[in-house]
Amino acid sequence: MLKKLNIAPATRLSLGLVFMTGTVLMTADLLGLIPNTTDAAISARIHTSESVAYYVADVMSRQDTERAQQFAENIVERNEDLLSMALRLENGTTAFQTTDHDEHWQNQSLDKSTPNQIVLPLNNSEGAWGRLELAYMPLGGSWGLSSVAGLLLFTSVGTFGVYRLYLRRVLNQLDPSSVIPKRVKAVLDTMSEGVLVMDGNRQIVLANDPLLDALGMPLDRVLGKKAKTLPWKPFNPTTEQTTWPWEREDESDGQVHGEVLTVTHADGRSRIYVVNTATIHGADGRARGMLATFDDITGIEEKNVELQQMLQALEASQKEVANQNEQLAHQTEKLKEEVSERKRAQQESEQLNQQLQRASHQAGMAEVATNVLHNVGNVLAAANSSLHLIGDKLAQSRIPQLSKAISMVADHKNELGRFLEQDEKGKLIPDYLIDLTEYLSHEQQSILDELKSLDQSMDHIKDVVHMQQTLAKIGEFSQDIDPDTMIKESLQLVRSKIEQYTIDVSIDNRFDQTLCTERHRLQQILVNLISNAADAVMNNEPDERRIRIRIDPTPEQMCRIVVEDNGIGIPKDTMPQLFKHGFTTKEDGHGFGLHSAANAAKEMGGSLTAQSEGTGQGARFTLELPSTSVREEKSDVLHI
């Protein structure tokens, strides 16, 4: 009958053990092995009631009803088994009674005692004069059960819970796989798929070795556990797993195919499985358990991911190839045009080759030429101002007034004495000539000063042009160069900018050798660095514009030239792009100065680097070049 109700084995065994325990207790009671507590309780109540009756009869013989009342209340309060007490006289009146006696004394006309209500008659020499009523707690307990019945009920309920808990644990520890033939277990272990066999409660009764290896657990750790307690996860992390495949018997008769789950290994690795389930039926057709297989597709999924990534890369490559083909077609078209143009310009090929030979030098000297032209322009502006000033002075000269005075003297040369002494106009001529002579002398000196300034400007232009001609030589080979002299010449090329912004420039020379390098390339680098430093400090306060140039030897037999300023600095995010072609932070910059300077330094066997702590922290550019022979004397520190 219990099997037909589909009760769990642990419950069925527990009920059987409870029935056996109850049978043993009832047999012991029939044999008198269980003490009869009811008889003992009744005997105790009779003894207590008789003692109380003797005391009450003695007190009432002295007509001390108040003392008898107090005694009754004390006895009831101290005896938990005694509920109430009363003394009823023969005439039907009550001499005394405790609280709630009428409620506890259910039968007022009771003449004989019961286990719960004891009646004791009180007599004297004249006969019966009253009776003592005592109401006790029911002997069956609060539920009205006898001691044996209560014991059976408590034992049945208590032992059922204990038996069931114990049997469940014992049954979980049993190895259900031991009933499976070894050859069947061996076949399951040789399968590449994981196999999990569960009972009707979805507790694991068997797992083959491939699945145990995937879980990283021994067989004894998974037997008896719910299958859902294993570390399964949905394949899609965003999907909330409400039921597992082996829990859907009601929905699909246990047939689930192709559901993907992941499981986390004990070592932290994740594996991907395709899960298939099938219900195990008994001989009566009832579902007895569930069989689940787990096919490891981790490698396939990894290959799929790699294949997807390769497809994406291939699509990107195809797009890139298409773009390059389009660019190549455009360049081919452009090349055709260039070829046609070159064919038309074949006669000018020699001139073009010469221009190409000078192109590299001219590109490298672009910054130098810009500063030279700027210097010449400033000098020409000053010279032009001097010429205009001389022209204005000559236009405003008082020499015509001197001619008038001389003409008046010439008109009166025969009577010059009389004219100068007696004529009103003649008297003014001597003083006028004295003042005019002094004015013309000052005017002459001013014009001479302007002419001198103009001559200096012309000399400056001549020096600048001479230096430009020196730098413009093509095909110049490496030569011994004094770096101190090269720095001073470079400062002359940017002199106008330094004087315009009143920049304090100092040279600290600690290098006593010469450099064997190309003059025009070194000049190009130095002019570029000094000009950039001057631009960097132009927004500082006039007394805070400083450029420091230091020349040092290095342990690697190199010459280190450091150009340092306290200007606007270089943002850290732009530092990696500083020497890239076309990159500039100036609004009017072209972006090839530092790039060409760095390339020139590299081609000369050296390097050009930059350091800055950030915006507003100044900058430091370091040029290192190979050194050669020792110089005769060392230059001092120069301040401009």
Does [X] have any side-chain contact (heavy atoms from CB on, under 4.5 Å) partners at least two apart in sequence or in another chain, and if so, which?
X      : value
Gln97  : Ala86, Thr94, His101, Asp102
Asp100 : Glu103, His104
Thr609 : Gln611, Thr622
Gln318 : Leu314

Determine all donor-acceptor pairs shorter than 3.5 Å in which one atom belongs to a side chain in residues 51-64; sequence neighbours excluded.
residue: Ser51; atom: OG; partner: His47; partner atom: O; Å: 3.1
residue: Tyr55; atom: OH; partner: Arg67; partner atom: NE; Å: 3.4
residue: Asp58; atom: OD1; partner: Arg62; partner atom: NH1; Å: 3.4
residue: Asp58; atom: OD2; partner: Arg62; partner atom: NH1; Å: 3.0
residue: Asp58; atom: OD2; partner: Arg62; partner atom: NH2; Å: 3.4
residue: Ser61; atom: OG; partner: Asp58; partner atom: O; Å: 2.5
residue: Asp64; atom: OD1; partner: Arg67; partner atom: N; Å: 3.2

Could you list the residues that satisfy salt bridge (charged side-chain N to carboxylate O under 4.0 Å, His left out) with [X], not counting sequence neighbours?
X      : result
Glu544 : Arg546
Asp535 : Lys497, Lys586
Arg560 : Glu624

Partners passing side chain to side chain donor-acceptor pair (under 3.5 Å) against [X] (at least two apart in sequence or in another chain):
X     : answer
Ser49 : Tyr136
Thr21 : Tyr163
Ser43 : none

Determine yes or no for a side-chain-to-main-chain donor-acceptor pair under 3.5 angstrom, with [X] supplying the side chain and [Y] the backbone.
X      : Y      : answer
Arg620 : Glu564 : no
Ser113 : Val119 : yes
Asn208 : Val195 : yes
Asn540 : Asn566 : yes

Quiz item: Residues two or more places apart in sequence or in another chain: which of them pass ring-ring contact (aromatic ring centres under 6.0 Å, His included) with Phe621?
Solution: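 Not a single residue meets the ring-ring contact (aromatic ring centres under 6.0 Å, His included) criterion with Phe621.
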Quiz item: Counting only heavy atoms not in Glu90, do more than 12 fall under 6.0 Å of its CD?
Solution: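 Atom CD in Glu90 is crowded, with more than 12 foreign heavy atoms closer than 6.0 Å.
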Self-check item: Met575, CE: over 12 other non-hydrogen atoms inside 6.0 angstrom
Solution: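 It does: Met575 CE has more than 12 such atoms within range.
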Quiz item: Any side-chain donor paired with an acceptor under 3.5 Å for Asn116 and Thr114?
Solution: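 No donor-acceptor contact under 3.5 Å links the two side chains.
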